[in-house]
Amino acid sequence: MTKRINADQIIDTFIRYTTINTTSVPDNQHLPSCENQYKLAQLVAGEFATENAVETTINDNAITVLSLAANSPEMPSIVFFAHLDTAPDNANDTHAVRVKNYDGTDIVLPATGDAITVEAFPELLSYVGQDIITTDGTSLLGADDKAAIAAAVEAIRYMIATPGFKHGDIKLVLLPDEEIGIRGAKALNVAQLNADFGICLDCCGIGEYVIENWYAGSAKMTFKGVTAHPMSAKGKLVNALLIANEVINALPENERPELTEGREGYFWVNKITGNTVNATLEIALRDFEVEGYQNRKSTLRAITEQLQNRYGHENIILELSDTYDNVKAGLDKKPEIIASVQQAMRNLGIEPKPLIMRGGYDGSVITPAGLPTVNIFTGAHNFHSTKEFLPAESLRLASEMLLEIITLSAQEVSA
């Protein structure tokens, strides 16, 4: 198949986007949580400022929509989704490094001397002879999710430059703060997109695509104790920290992230703060089945009730919130979406690799809101790590995937 996406151009586009530090800030409730997400949105939109074919909007929350009008109105309307922020695991500025013609040995990161080793990451050997993009070792690469933005932008550029390429209405939607609770997708008016289906590019190695993810929620428990001097504390002191510890001990012992895999859910105790008088405990809940997810919430309610009976209802408070849903039910209603993804991969010589995702993505909010949205690869590995790396050919093929899915939809219309 003729290459439609230029490899050097898409790499340059991606690296240009990585120079803007868009690390999300978990403790900032403003949307977006960092101003640089606006800056990146404005950069992307500005690249189409002279294109009459593309209409762009950026709202106060940095939700950005680039719209390319159909040249074949009978074809499906498709939305590409990518997120503007990068994970708060490391907030340093990115200095991307292009390793040319990778030779199959360990990749040494120049600023730190640390290495992405073949022993730790044997998947490296799948990319011998290709260019690989890493960082200098001092930051994340941000392929999650700037690789997605680059892939979508280059696909749109191709469509503009190739009038004979048939397509329906195409939109690229850039969303803020996916990494800290999928906040941007929750603020998005999905109905206004008026689309048939969506494609997120927020997934893993080449060929992978998400067929389901899990139901996700969080619990916040607050505890109020009674202070007393330890020399005369007997019968008086009620230690809020120890009440929080009782909750931890009451959770199922084997249902923790470090002890689960596959479709096994968990309780993740991820934060405890406070002192003997006031303490707070935060727990993440995950399950692939809605019944299992609801049972996890019921377990916490039961533990809370038992402790309230001992220490007083006003002294122990449980707050439960839902974060996102499993996309499987929504995607199952439109099996042609997954079929198109699979066929597009085969057409491009890529082995389809369905993935049960132990996580969430913007589509986990967008799909239940009425727009079925599949998640396909960007090609990157080791998300949220200073050892993140992106094979250049995988990135190019991610962009080709978007074009190929559109091509398949043209064939379906004409059939």
Side-chain angles (χ1 to χ4, degrees), residues 26 29 178-183 185-186 210-226 238-274 276-333 355-370 372 375:
Q29 295 305 308
E178 187 269 355
E179 297 288 3
I180 52 174
I182 316 186
R183 293 178 184 175
K186 292 175 181 176
V210 174
I211 56 173
E212 67 172 309
N213 60 280
W214 50 24
Y215 295 92
S218 62
K220 180 178 180 180
M221 300 187 71
T222 54
F223 310 93
K224 185 176 181 180
V226 178
V238 178
N239 192 327
L241 289 170
L242 293 182
I243 303 174
N245 192 54
E246 288 187 54
V247 174
I248 296 171
N249 290 335
L251 295 173
E253 184 177 353
N254 295 322
E255 296 181 18
R256 306 198 300 262
E258 63 270 31
L259 300 175
T260 56
E261 61 183 352
R263 300 187 82 259
E264 298 171 331
Y266 59 63
F267 297 90
W268 179 26
V269 177
N270 55 49
K271 188 174 184 180
I272 185 169
T273 57
T276 59
V277 181
N278 295 289
T280 301
L281 178 66
E282 295 181 18
I283 305 169
L285 316 176
R286 301 290 188 269
D287 207 287
F288 281 95
E289 303 296 336
V290 66
E291 182 179 359
Y293 175 61
Q294 296 300 337
N295 286 342
R296 292 183 186 282
K297 291 196 283 188
S298 296
T299 295
L300 288 178
R301 291 190 187 100
I303 293 170
T304 300
E305 184 176 359
Q306 291 173 4
L307 294 174
Q308 286 174 334
N309 290 337
R310 290 171 54 192
Y311 298 107
H313 284 253
E314 70 281 3
N315 295 325
I316 301 173
I317 297 172
L318 169 65
E319 300 171 77
L320 292 167
S321 59
D322 300 321
T323 308
Y324 54 81
D325 289 350
N326 192 334
V327 297
K328 185 177 187 302
L331 292 177
D332 283 350
K333 293 176 182 177
L355 177 68
I356 296 174
M357 187 179 190
R358 289 175 66 83
Y361 63 101
D362 284 322
S364 309
V365 169
I366 295 164
T367 298
N375 189 4

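N309 contributes a side-chain N or O that, together with a main-chain N or O of E305, makes up a donor-acceptor pair within less than 3.5 Å. Side chain of D287 to main chain of Y266: no donor-acceptor pair is present (N/O by atom type, distance under 3.5 Å, no hydrogens or angles). At least one donor-acceptor pair under 3.5 Å links the side chain of N326 to the backbone N or O of F288. A side-chain donor-acceptor contact under 3.5 Å links E264 to the backbone of E261.
The distance from atom CZ of R310 to atom CD1 of I243, rounded to the nearest 0.5 Å, is 8.0 Å. Atoms CD and NZ, from E178 and K186 in turn, are 10.5 Å apart once rounded to the nearest 0.5 Å. How far OG1 of T273 is from CD of E282: 7.0 Å, rounded to the nearest 0.5 Å. Atoms OG and CG, on S364 and N375 in that order, are 8.0 Å from each other to the nearest 0.5 Å. Between the OH atom in Y361 and the CD1 atom in I366 there is a gap of 9.0 Å [rounded to 0.5 Å]. Of the inter-residue distances, the one linking I283 atom CD1 with T299 atom OG1 reads 10.5 Å to the nearest 0.5 angstrom.
Contact detail for A244 and L281: the closest heavy-atom pair is O-CD2, 3.8 Å. Between I182 and G360, the closest heavy-atom pair is CD1-C, 4.3 Å. Residue A240 comes nearest to G225 through the heavy atom pair CB-N, 3.9 Å, listed as atom of the first residue, atom of the second, then distance. Nearest approach of L320 to L285, heavy atoms of both residues: CD2-CD1, 4.2 Å. Across all their heavy atoms, D362 and A185 have their closest contact at OD1-CB, 3.6 Å. A pairwise comparison of heavy atoms in T323 and V365 identifies O-CG2, 4.0 Å as the closest pair.
Classification of the Y215-Y293 ring pair by plane angle, with boundaries at 30° and 60°, yields parallel.
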request  = Under the side-chain contact (heavy atoms from CB on, under 4.5 Å) rule, what do F223 and E246 come out as? Steps first, then yes or no, please.
outcome  = CA-CA 11 Å; F223 310 93; E246 288 187 54; over 6 Å; no
message = If you apply the rule side-chain contact (heavy atoms from CB on, under 4.5 Å), what do you find for K224 with N278, and how did you get there?
response = CA-CA 5 Å; K224 185 176 181 180; N278 295 289; 4.0 Å; yes
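Salt bridge present: E289 and R263 bring a charged side-chain N and a carboxylate O closer than 4.0 Å. For the pair K297 and D322, the salt-bridge criterion is met [side-chain N within less than 4.0 Å of a carboxylate O].
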Review item, side-chain donor-acceptor pairs of residues 247-256, under 3.5 Å, at least two apart:
unit_1: N249; atom_1: ND2; unit_2: N245; atom_2: O; d: 3.4
unit_1: E255; atom_1: OE1; unit_2: R296; atom_2: NH1; d: 2.7
unit_1: E255; atom_1: OE1; unit_2: R296; atom_2: NH2; d: 3.4
unit_1: R256; atom_1: NE; unit_2: E258; atom_2: OE2; d: 2.9
unit_1: R256; atom_1: NH1; unit_2: E253; atom_2: O; d: 2.9

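Side-chain contact of R286 with T260: a donor-acceptor pair under 3.5 Å is absent, judged by distance alone.
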